[in-house]
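Because the structure is a prediction, the values reported are computed rather than measured. Each ligand, and each atom within it, is numbered from 1 in the order the structure gives.
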Amino acid sequence: MNLQIRNLRKTYPNGVKALSGIDLEVKKGMFGLLGPNGAGKSTLMRTIATLQLPDEGSISFQGIDVLKEPLALKALLGYLPQDFGVYPNMSAEALLDMFALLKGVSSRKERRLVIGKVLELTNLTEVRKKHVSGYSGGMKQRFGIAQLLLNNPSLIIVDEPTAGLDPAERSRFLNVLRDIGIENTVLFSTHLVADVEELCHDLAIINSGTVLLHDTPTNILQGLAGKIFSKAIEKEDLPFFHERFSILSSSYNQDNSLQIRAYLKEESEGFERAQPNLEDAYFIALSQESSTPINRLT
Ligand code: ADP
């Protein structure tokens with residue numbers, strides 16, 4: 001197994017239980033870590049990246065005991081934190097050259113080669129002479145990926161990279177990640193279901209430091225087949241439906257009526273069967289949240 005996380009626990013000194021016994025197995029490819037703000041995603045990612053220690057538990061990656069051999073893991077790791085990037089007035093190319101030197105690539109020729117490659121992979125070749133401080137949010141995020149690729153990592157961790165990106169930048173960024181995820185293990189956190197839907201072969205939904213669901217999008221959607229229903233209602237009737245049905249979400253129609261989505265074990269009068277999506281699974285997982293983790297939707 002590629003990345004294996006066992007019984008990871010962390011309580012911060014202020015008493016906040018950020019990780020309450022996380023178990024996860026992550027294979028090669030794009031893995032989505034989905035959860036609301038405060039779920040524990042960053043804590044988990046920083047712990048895997050050996051930037052902080054858990055109170056309990058173990059992590060192994062390709063046979064490395066990560067907590068015991070952090071330097072061995074670091075040699076294989078590329079990590080993009082949530083907040084990064086105050087840049088001096090330097091071009092992307094010059095900055096990457098400096099980072100590559102710091103990462104120990106001493107040969108100038110080798111640096112030129114690897115920098116050319118990472119600029120190409122992140123679609124930044126054309127703007128390589130521009131100052132990174134003047135880059136747009138999406139370009140900065142892609143530059144973050146370029147710098148983490150310099151040492152050719154096999155485990156890549158990116159913490160909420162799409163937050164604040166406009167739709168075009170987000171799409172360009174996800175395409176870069178998609179390419180990188182073919183050959184590597186990429187752990188990617190987000191609170192946007194759509195990010196995971198577009199990108200990931202495997203996903204975990206976490207909240208309150210617990211894994212609520214871990215499965216492939218295909219299995220999750222198959223598990224919900226025939227159980228998601230939809231209905232147009234008057235806005236005033238929403239409390240009535242909330243009392244009687246598991247309402248997952250609602251959105252307004254053009255005529256100002258509400259379209260509700262419900263999770264029903266069987267057909268109910270007035271409801272129409274709807275195509276399940278990952279957002280349904282996300283809301284079901286969060287609403288079923290309990291101290292016992294579930295591995296499959298029931
Ligand atoms: P996410 O990345 O999913 O938003 P975090 O891992 O950042 O979640 O946070 C999980 C919980 O731990 C939150 O309640 C947060 O407020 C708390 N937390 C995170 N970092 C610290 C810290 N350094 N000290 C105390 N509490 C923290």
> Please walk me through it: do Glu25 and Arg6 pass salt bridge (Lys or Arg N to Asp or Glu O under 4.0 Å)?
Replying inline: CA-CA 9 Å; Glu25 295 191 347; Arg6 287 275 168 269; 2.7 Å; yes

> What is the closest protein heavy atom to atom 19 (C) of ligand 1, and at what distance does it sit?
Replying inline: Tyr12 CE1, 3.4 Å

>> Is atom 22 (C) of ligand 1 touching the protein, meaning some protein heavy atom lies under 4.0 Å away?
In response: yes

> Out of curiosity, is Gly209 lining ligand 1, as in a heavy atom under 4.0 Å away?
Replying inline: no

> What class does the angle between the rings of Phe271 and Phe241 fall in, given that below 30° is parallel, 30 to 60° is tilted and above 60° is perpendicular?
Replying inline: perpendicular

> Does any N or O in the side chain of Arg261 come within less than 3.5 Å of the main-chain N or O of Lys231, such that one atom is a donor and the other an acceptor?
Replying inline: no

>> Would Gly38 count as being in polar contact with ligand 1, using the rule that some N or O on each side must be under 3.5 angstrom apart?
In response: yes

> Is there any N or O on Asn37 that sits under 3.5 Å from an N or O of ligand 1?
Replying inline: no

>> Looking only at protein heavy atoms, which one is nearest to atom 7 (O) of ligand 1, and what is the separation?
In response: Ser42 CB, 3.6 Å

> Any Lys/Arg nitrogen of Asp280 or Lys227 sitting under 4.0 Å from an Asp/Glu carboxylate oxygen of the other?
Replying inline: no

>> Give me the residue, atom name and distance of the protein heavy atom closest to atom 15 (C) of ligand 1.
In response: Val16 CG1, 4.6 Å

> How does Pro36 reach ligand 1, by side chain, by backbone, by both or by neither, if only non-hydrogen atoms under 4.0 Å count?
Replying inline: backbone

> Is there a heavy atom of Gly35 sitting under 4.0 angstrom from any atom of ligand 1?
Replying inline: no

